[in-house]
Amino acid sequence: MSRWKGLPTELDPSVRNLVVRLRRLKDHSGLSLRQLAAKTGYSSSSWERYLGGRALPPRDAVEALASVTGEEPTRLLAVWEVAAEAWSGRTATAPAGPIAGAAPAGTRDQAPEATAEPGRAESLEPLEPLDPIGPIDPIGPIGPAGPGAEPARGRAFHVAVAAGAVAVVLAVSAVVVLVDRAGADRDHGAVAPLAPSAAPAASPRSVPAYTCRVERIDGLWHAGLSTTRDKILANGYAGPEVAEAQCLLDRAGYSPGDVDGIFGPMTERAVKRLQTDADLVVDGIVGPHTWGALRR
């Protein structure tokens, strides 16, 4: 059996779960990486990245590995779907490269793995600095002073002083008008609002309510929300199928919490307890076998 290196600590738990399953299948098959590459059509270096947690394997690669090792692909592909969703969220939030400065020469050639993962942002080239703008004279150019003429800078100063005085007079007048109006409104028993009232807070997003109508039909349990017997459900999924599974879990004595149609940690724990008691693979994923245990 291969002695695998430890997976990166920042790896998402769902991606880690997928990689551990792929490693286990590879070990049980007894195939080397070269033999695995020959049988699946993916190179040994690609499988090194997939099994090392440095890249997410494509769906076709996972399906090919399941076919080569004789594994049922449905459950493995369900695990892959959850891992792919987590991986896409990880790459979408990957930090972009520095903007303030250019990368050293040869950086891209020294990191070939950076292009192997989709969604990773490339570093931006620095913007060229704009030409500096010289100081602007706020008063204007100084014209030639002829005999008896006032210098241009002096005229501008007088204009600025006059404008400031006008602004002060207007401000004082506005204050006086507001005070008089407030006094008149107070005498009449009403005060005009000085600012518009705040808009009412938006109501929180409503969560659909589901009602369990559990009954036994043709020897199988149903809750009236979905008739599926093979829909794949996992942590993070939502909808009436999840609510159906929650109703049936509660009926069987495995409380999933509120029947809200959201597959969360409590629902996953309830599924794992059911799988343990039913002698199924304990992965917290509702598939055909778990549906069979719920409906029987």
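Note that the numbering runs from 1 along the sequence shown for the chain.
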Quiz prompt | Minimum heavy-atom distance between A61 and Y50, given as atom pair plus value | solution = CB-CE1, 4.4 Å
Quiz item: Run the side-chain contact (heavy atoms from CB on, under 4.5 Å) check on E71 and H28 step by step: do they pass?
Solution: CA-CA 11 Å; E71 175 73 6; H28 289 173; over 6 Å; no
Quiz item: Are side-chain heavy atoms of T228 and D230 found at a separation under 4.5 Å?
Solution: yes
Quiz item: What is the minimum heavy-atom distance between G53 and P8, and which atoms define it?
Solution: O-CG, 4.3 Å
Quiz item: Would you call P288 and I232 a side-chain contact if the rule is heavy atoms closer than 4.5 Å?
Solution: yes
Identify each donor-acceptor pair in which a side-chain atom of residues 240-253 lies under 3.5 Å from a protein atom, sequence neighbours left out, and give them as a table.
residue : atom : partner : partner atom : Å
E244    : OE1  : L225    : N            : 2.9
E244    : OE1  : S226    : N            : 3.0
E244    : OE2  : A223    : N            : 2.9
E244    : OE2  : R295    : NH1          : 3.0
E244    : OE2  : R295    : NH2          : 3.4
Q246    : OE1  : D260    : N            : 3.2
Q246    : OE1  : G261    : N            : 3.0
Q246    : NE2  : D260    : OD1          : 3.3
Q246    : NE2  : I262    : O            : 3.1
Q246    : NE2  : T267    : OG1          : 3.1

Quiz item: Do you know which two heavy atoms are closest between G264 and N235, and how far apart they sit?
Solution: CA-OD1, 3.8 Å
Quiz item: What heavy-atom pair brings R216 and G219 nearest, and what distance separates the two atoms?
Solution: NH2-O, 2.9 Å
Practice problem: Go through the steps to decide whether R273 and V282 satisfy the test side-chain contact (heavy atoms from CB on, under 4.5 Å), and finish with yes or no. | Solution: CA-CA 8 Å; R273 292 198 300 270; V282 182; over 6 Å; no
Quiz item: Does one hydrophobic cluster hold both L11 and V82, with members joined at side-chain heavy-atom distances below 4.5 Å?
Solution: no
Quiz item: Does H289 NE2 have over 12 foreign heavy atoms under 6.0 Å away?
Solution: no
Quiz item: Do the side chains of V259 and M266 join up, straight or via other hydrophobic residues, at under 4.5 Å, putting them in one cluster?
Solution: no
Practice problem: With rounding to the nearest 0.5 Å, note down the distance linking CD in E268 to CZ in F263. | Solution: 6.0 Å
Exercise. Take E81 and Y237 through the side-chain contact (heavy atoms from CB on, under 4.5 Å) test and state the conclusion after the steps.
Key: CA-CA 11 Å; E81 288 179 2; Y237 283 49; 3.5 Å; yes
Quiz item: Are the side chain of W80 and the backbone of P57 linked by a donor-acceptor contact shorter than 3.5 Å?
Solution: yes
Self-check item: Same cluster (ILVMFWY, side-chain, under 4.5 Å), W221 and V286
Solution: yes
Exercise. Starting from the C-alpha separation in whole Å, work towards a yes-or-no answer on side-chain contact (heavy atoms from CB on, under 4.5 Å) for W47 and L65.
Key: CA-CA 10 Å; W47 279 113; L65 178 60; 3.9 Å; yes
Quiz item: Do V271 and T290 come close enough that some side-chain heavy atom pair is under 4.5 Å?
Solution: yes
Quiz item: Going through the checks in order, is the salt bridge (charged side-chain N to carboxylate O under 4.0 Å, His left out) test met by R21 and D283?
Solution: CA-CA 11 Å; R21 286 173 177 266; D283 55 5; 3.6 Å; yes
Quiz item: Shared ILVMFWY cluster between L233 and L76, side chains joined below 4.5 angstrom?
Solution: no
Quiz item: Looking at CD of E72 and OG of S67, how far apart are the two atoms once the value is rounded to the nearest 0.5 Å?
Solution: 11.0 Å
Quiz prompt | D12 side, atom CG; L7 side, atom CG - distance, nearest 0.5 Å | solution = 12.0 Å
Exercise. Please answer whether the main-chain N or O of L36 pairs with a side-chain N or O of T40 as donor and acceptor at a distance below 3.5 Å.
Key: yes
Quiz prompt | Minimal non-hydrogen separation, I285 against Q275, with atom names | solution = O-NE2, 3.0 Å
Quiz prompt | W87 and S14 side chains, donor-acceptor separation under 3.5 Å | solution = no
Quiz item: About how many Å separate NZ of K5 and CG of L51, when rounded to the nearest 0.5 Å?
Solution: 13.0 Å
Quiz prompt | Contact check, side chains of L18 and L56, non-hydrogen atoms, under 4.5 Å | solution = yes
Exercise. Find the distance between OG (S44) and CD (Q35) and round it off to the nearest 0.5 Å.
Key: 10.5 Å
Quiz item: Quick one: OG1 on T69 to NZ on K39, what's the gap to the nearest 0.5 Å?
Solution: 11.0 Å
Exercise. Report yes or no: do V20 and L77 belong to one cluster of Ile/Leu/Val/Met/Phe/Trp/Tyr joined by side chain heavy-atom distances under 4.5 Å?
Key: yes
Quiz item: Mind checking whether T227 and R229 have side chains closer than 4.5 Å, heavy atoms only?
Solution: no
